[in-house]
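Lettering of chains follows the sequences in order, A, B, ..., and the numbering in each one begins at 1.
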Protein chains: 2
Amino acid sequence: MSPRIGLDRAALLQAATEMADAHGLESVTLASLAQRLKIRSPSLYNHVNGLPDLRRELALSGLVKMAESFESVLAETSGDEALRAMSRAYLSFARQHPGLYEAVQRAPDPEDRVLRDAGGRVVGLIVRTIQTYGLQGDTAIHAVRGIRSLLHGFVTIERQGGFGMPLDLDITFRLLVETFIAGIKTLREQAEAER
Amino acid sequence: MSPRIGLDRAALLQAATEMADAHGLESVTLASLAQRLKIRSPSLYNHVNGLPDLRRELALSGLVKMAESFESVLAETSGDEALRAMSRAYLSFARQHPGLYEAVQRAPDPEDRVLRDAGGRVVGLIVRTIQTYGLQGDTAIHAVRGIRSLLHGFVTIERQGGFGMPLDLDITFRLLVETFIAGIKTLREQAEAER
DNA sequence: TGCTTAAACTAATGATATTAGTTATATTAA
DNA sequence: TTAATATAACTAATATCATTAGTTTAAGCA
């Protein structure tokens with residue numbers, strides 16, 4: 001009936017993304033993806049180099065989307081507001097694309113240059129945001145690690161439903177970011193006092 | 001040759017734990033576990049109710065170990081030092097038992113009462129530690145969520161090798177915890193000022 | 001109109017989890 | 001000491017995956 005359905009890598013990625021975001025990364029197998037696309041699973045190999053490659057593609061797509069989102073909000077803000085906006089964007093991304101976020105985390109191969117660069121782009125934007133606070137060398141690195149820990153931890157626990165209490169999570173998030181901002185400023189003052 | 005090898009649920013769990021901690025939770029399959037124990041994989045069903053049950057058992061064991069560790073350090077400390085000690089214990093556990101930590105995260109079934117209680121015990125210890133700061137109602141909940149986010153985030157990113165820079169991670173961790181402690185105190189003062 | 005390319009296909013293999021039913025040993029009771 | 005029972009191991013079989021090899025056929029171009 002139909003070789004040439006009009007399927008391409010992009011359509012395939014799109015479907016995989018929707019499945020991952022809706023039902024978790026685990027739920028996207030070559031079998032389930034093929035079924036959804038109404039083709040047989042071996043046909044997927046015409047577009048993607050197996051399941052690991054598909055997951056890598058999802059991770060890459062997630063990183064690119066994150067970077068674009070961060071760049072967009074950072075272009076319009078500065079100072080504390082930039083860090084707040086970036087944090088909100090981080091949270092929004094994780095909520096809108098839990099499957100892609102999951103794919104990004106399972107960063108498997110540290111040798112993969114393209115993937116590492118995409119990750120570097122995202123981290124670079126966080127670094128840039130933190131740098132506006134004028135921290136000295138090592139302190140800046142610690143601060144970047146700190147905000148990353150806090151954002152990732154919150155987002156992950158929230159997604160798995162780990163926060164039991166019925167108390168507004170957005171408030172917790174804002175408070176956490178504000179506390180961190182206050183902490184950064186304290187660190188800066190301490191560093192300046194030591195000089 | 002050998003029905004009655006002397007295998008029991010505990011030995012099985014022990015082996016699975018070692019495999020998970022050494023090579024990741026993914027690496028422990030019924031096939032690989034059976035191979036390691038020198039039995040055929042269907043025989044595992046005499047001790048465990050399939051792979052999901054095995055993973056659940058690992059998660060449970062992880063939660064119990066965490067709770068015991070926290071209880072032990074909290075018995076000997078108080079105030080800021082208690083929060084520091086608990087944080088160190090959290091980090092130590094995640095480093096020593098990455099496989100169990102992973103199992104704990106994949107908390108699958110929210111209906112599982114036993115698992116939830118075990119999780120509640122761990123979170124309860126964190127709550128108790130935070131409560132010594134005398135925060136008011138909601139604020140205490142936010143603070144607990146905050147420290148949990150921060151600890152989990154740090155531990156997770158560290159494990160997956162996400163912190164690129166060659167700068168001592170223990171220092172980052174201490175700094176992060178200290179910053180949070182300072183933040184809690186600020187929150188308390190703000191709350192008191194509002195009253 | 002015929003050729004080439006590639007996107008779909010079928011068939012087959014190997015790994016996994018799981019179920020059903022069998023065997024044989026360790027423990028317990030007579 | 002011996003017989004009965006319980007159970008930990010086993011083999012055989014099935015279903016679901018991912019993956020490879022080889023085939024078919026439609027789309028696009030000469």
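Applying the salt bridge (Lys or Arg N to Asp or Glu O under 4.0 Å) test to B:Asp8 and every residue at least two apart in sequence or in another chain returns nothing. Every residue was checked against the salt bridge (Lys or Arg N to Asp or Glu O under 4.0 Å) condition with B:Arg128, not counting sequence neighbours, and none meets it.
Using a 4.0 Å cutoff on non-hydrogen atoms, the parts of residues 9-33 of chain A near DNA chain D are A:Thr29, A:Leu30, A:Ala31, ordered by number. Within residues 34-60 of chain A, the residues that have a heavy atom under 4.0 Å from DNA chain D are, in order of number, A:Ser41, A:Pro42, A:Tyr45, A:Gly50, A:Leu51, A:Pro52.
Applying the side chain to side chain donor-acceptor pair (under 3.5 Å) test between B:His142 and each of A:Asp168, A:Thr172, A:Thr179 identifies A:Thr172 as the sole match.
Counting only residues at least two apart or on different chains, the ring-ring contact (aromatic ring centres under 6.0 Å, His included) pairs with a member in residues 61-116 of chain A are A:Tyr90-A:Tyr101, A:Phe93-A:His97, A:Tyr101-A:His152.
Residue B:Gln35 holds its CD atom at 8.5 Å from OG1 of B:Thr29, rounded to the nearest 0.5 Å.
Of the possible polar contacts, one joining the B:Thr129 side chain to the B:Leu125 backbone as a donor-acceptor pair under 3.5 Å is found.
Side-chain heavy-atom separations under 4.5 angstrom define the hydrophobic clusters, and the remaining members of the one that includes B:Leu187 are A:Leu175.
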